[in-house]
Amino acid sequence: LQQAGMVTSVVTDPSNVTRVLIEEKPELILMDVYMEGCKGEELTALIRQQEAFVGIPIVYFSVEKNLEKQMAALQEGGDDFLTKPIKPEYLVTAVKTRASRVRQMRYFMERDSLTGLLNHTQLHSRLISEIDRARRIGGPLTYTMIDLDHFKLVNDEFGHMIGDHVLKTLSRLLIERLRKTDVLGRYGGEEFGIVLFNTNLENTLRVMNEIRESFSRIRYQGRGKDFFVTFSCGVADFPRFSTAELLMEAADKALYEAKHQGRNQVVPAP
């Protein structure tokens with residue numbers, strides 16, 4: 001698989017699977033059925049119990065030819081079964097085909113149709129997995145909530161097509177200014193959520209203020225007049241807030257405070 005250009009991670013101890021899944025975020029798991037100290041279906045059941053890994057396809061790769069045993073393994077959450085021995089070119093094709101299909105399906109299932117950012121469910125899921133990674137590695141993490149100021153007035157005065165254009169403009173700006181490793185999602189309506197891994201509160205405040213200032217200078221046109229839009233922002237940091245729920249709640253309260261203080265500003269959670 002590596003010779004075919006794929007990036008792979010090999011796990012020989014089943015107890016290390018969760019760590020690798022968190023760190024590598026694989027598109028597909030190729031798993032033996034008979035392993036030392038653990039059966040494939042048992043490990044699959046364990047993986048499927050964790051919300052962040054429910055959507056990762058698991059393909060069994062085994063010498064097991066008994067159809068009933070194959071079906072029993074699939075019932076625990078597996079997606080397909082490849083039988084050893086197998087020609088290398090067939091294995092490569094089988095894995096490539098499945099990974100490509102999963103990649104396409106996952107994109108449309110996980111993305112907000114307007115902005116292309118992660119949807120609410122996936123944003124929450126990724127926040128949980130990033131917290132797990134930060135807790136294990138011991139690094140910082142921040143969660144940011146953004147809300148466009150007076151966005152209802154934009155829709156009312158200029159129409160929803162212009163409003164959608166504003167939302168897509170902010171999305172593109174976030175994608176351009178932030179790292180590819182950062183997690184960007186549309187929380188809902190005109191609200192956005194951002195997870196910055198290995199970034200402390202001070203640096204997040206600086207970066208978000210730079211983005212806020214850039215966004216506030218973008219000129220829009222609608223119904224014969226020019227206008228500008230701003231956003232307010234609340235930021236909470238891990239490990240001060242130790243769970244996804246606490247981080248989101250703290251960032252939301254900070255966002256409310258930014259609105260209360262006059263909007264168009266970035267406020268850290270107290």
Side-chain angles (χ1 to χ4, degrees), residues 1-11 16-33 40-41 43-62 70 73-84 86-133 167-168 171-188 192-198 244:
L1 296 178
Q2 289 174 345
Q3 290 172 356
M6 301 184 201
V7 178
T8 67
S9 297
V10 180
V11 181
N16 291 330
V17 165
T18 299
R19 176 182 60 81
V20 174
L21 291 178
I22 292 173
E23 292 179 357
E24 304 300 334
K25 300 181 177 65
E27 293 179 316
L28 184 141
I29 300 171
L30 199 60
M31 184 190 300
D32 206 337
V33 172
E41 54 263 42
L43 185 55
T44 295
L46 183 64
I47 292 172
R48 293 301 189 221
Q49 290 175 9
Q50 303 178 65
E51 181 180 342
F53 309 143
V54 168
I56 302 177
I58 297 176
V59 177
Y60 294 116
F61 188 43
S62 174
Q70 290 184 5
L74 292 174
Q75 286 174 356
E76 292 297 335
D79 296 279
D80 207 346
F81 210 105
L82 296 177
T83 306
K84 301 178 187 177
I86 187 171
K87 292 182 178 180
E89 57 269 26
Y90 179 73
L91 176 61
V92 169
T93 300
V95 172
K96 275 188 176 180
T97 301
R98 286 163 176 79
S100 177
R101 188 183 304 122
V102 167
R103 201 175 300 133
Q104 293 174 340
M105 292 178 60
R106 179 179 292 176
Y107 182 86
F108 290 109
M109 291 174 62
E110 295 181 350
R111 300 284 166 170
D112 170 63
S113 59
L114 177 67
T115 64
L117 304 182
L118 293 175
N119 60 32
H120 179 101
T121 301
Q122 289 302 316
L123 174 65
H124 184 261
S125 178
R126 287 291 301 277
L127 176 59
I128 292 173
S129 62
E130 291 297 275
I131 289 172
D132 288 341
R133 185 156 68 111
L167 292 172
K168 289 190 282 189
S171 301
R172 286 196 297 268
L173 181 63
L174 293 173
I175 292 171
E176 291 170 359
R177 292 296 187 88
L178 297 172
R179 303 167 298 186
K180 291 186 180 299
T181 54
D182 295 327
V183 179
L184 312 178
R186 186 180 179 191
Y187 190 83
F192 296 79
I194 303 169
V195 184
L196 301 181
F197 185 78
N198 201 28

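One is the number of the first residue; the rest follow in order along the sequence.
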Say whether, by atom type as modelled, one donor and one acceptor occur between the side chain of S129 and the main chain of R126 under 3.5 angstrom. yes

Do L167 and F192 have side-chain heavy atoms sitting under 4.5 Å apart? yes

As a quick check of understanding, evaluate side chain to side chain contact (heavy atoms under 4.5 Å, CB included) for L184 and I175, giving each step before the final call. CA-CA 8 Å; L184 312 178; I175 292 171; 3.8 Å; yes

How would you list all residue pairs meeting side chain to side chain donor-acceptor pair (under 3.5 Å) that involve residues 111-123, not counting sequence neighbours? D112-T115, D112-R186

Could you please spell out the steps behind the side chain to side chain contact (heavy atoms under 4.5 Å, CB included) verdict for M31 and I47? CA-CA 12 Å; M31 184 190 300; I47 292 172; 3.9 Å; yes

Only one of L43, V11, I56 forms a side-chain contact (heavy atoms from CB on, under 4.5 Å) with I29, so which one is it? I56

Between OG of S125 and CG of L118, what distance do you get to the nearest 0.5 Å? 9.0 Å

Rounded to the nearest 0.5 Å, what separates atom NZ in K96 from atom CD in E27? 12.5 Å

Working to the nearest 0.5 Å, report the span between CG of L30 and CG of L91. 6.0 Å

With I194 as partner, the option from L123, L117, L178 fulfilling side-chain contact (heavy atoms from CB on, under 4.5 Å) is L178

In Å and rounded to the nearest 0.5 Å, what is the CG to CD1 distance from D132 to I22? 4.5 Å

For atom NZ of K84, decide whether the heavy atoms of other residues, nucleotides or ligands shown that lie under 6.0 angstrom number more than 12. yes

Could you tell me the separation between the CD atom of Q70 and the CG atom of L74, rounded to the nearest 0.5 Å? 7.0 Å

Would E176 and R172 pass as an ion pair if we require N to O under 4.0 Å? no

Would you say the side chain of Q3 lies within less than 4.5 Å of the side chain of V92, judging by non-hydrogen atoms? no

Closest approach of I131 and A244, non-hydrogen atoms and distance? CD1-N, 3.3 Å

Go through the structure and list residues passing salt bridge (charged side-chain N to carboxylate O under 4.0 Å, His left out) with R48, not counting sequence neighbours. D79

Ring pair (Phe, Tyr, Trp, His ring centres under 6.0 Å) involving F81 - partner list, sequence neighbours excluded: Y60

Under the criterion side chain to side chain contact (heavy atoms under 4.5 Å, CB included), I'd like the reasoning laid out for V102 against L28: C-alpha separation, chi angles, the key distance, then a yes or no. CA-CA 8 Å; V102 167; L28 184 141; 5.6 Å; no

From T44 atom OG1 to I58 atom CD1, the distance as rounded to the nearest 0.5 Å: 4.0 Å

Return yes when atom CE of M6 has more than 12 non-hydrogen atoms of other residues, nucleotides or ligands closer than 6.0 Å, and no otherwise. yes

side-chain contact (heavy atoms from CB on, under 4.5 Å) partners of K180, counting only residues at least two apart: none

Go through the structure and list residues passing side-chain hydrogen bond (donor to acceptor under 3.5 Å, both in side chains) with Q104, not counting sequence neighbours. none

Looking at residues at least two apart in the chain, or sitting in another chain, which of them share a salt bridge (charged side-chain N to carboxylate O under 4.0 Å, His left out) with K25? E130

Backbone N or O of T97 within a donor-acceptor pair of the R101 side chain at under 3.5 Å? no

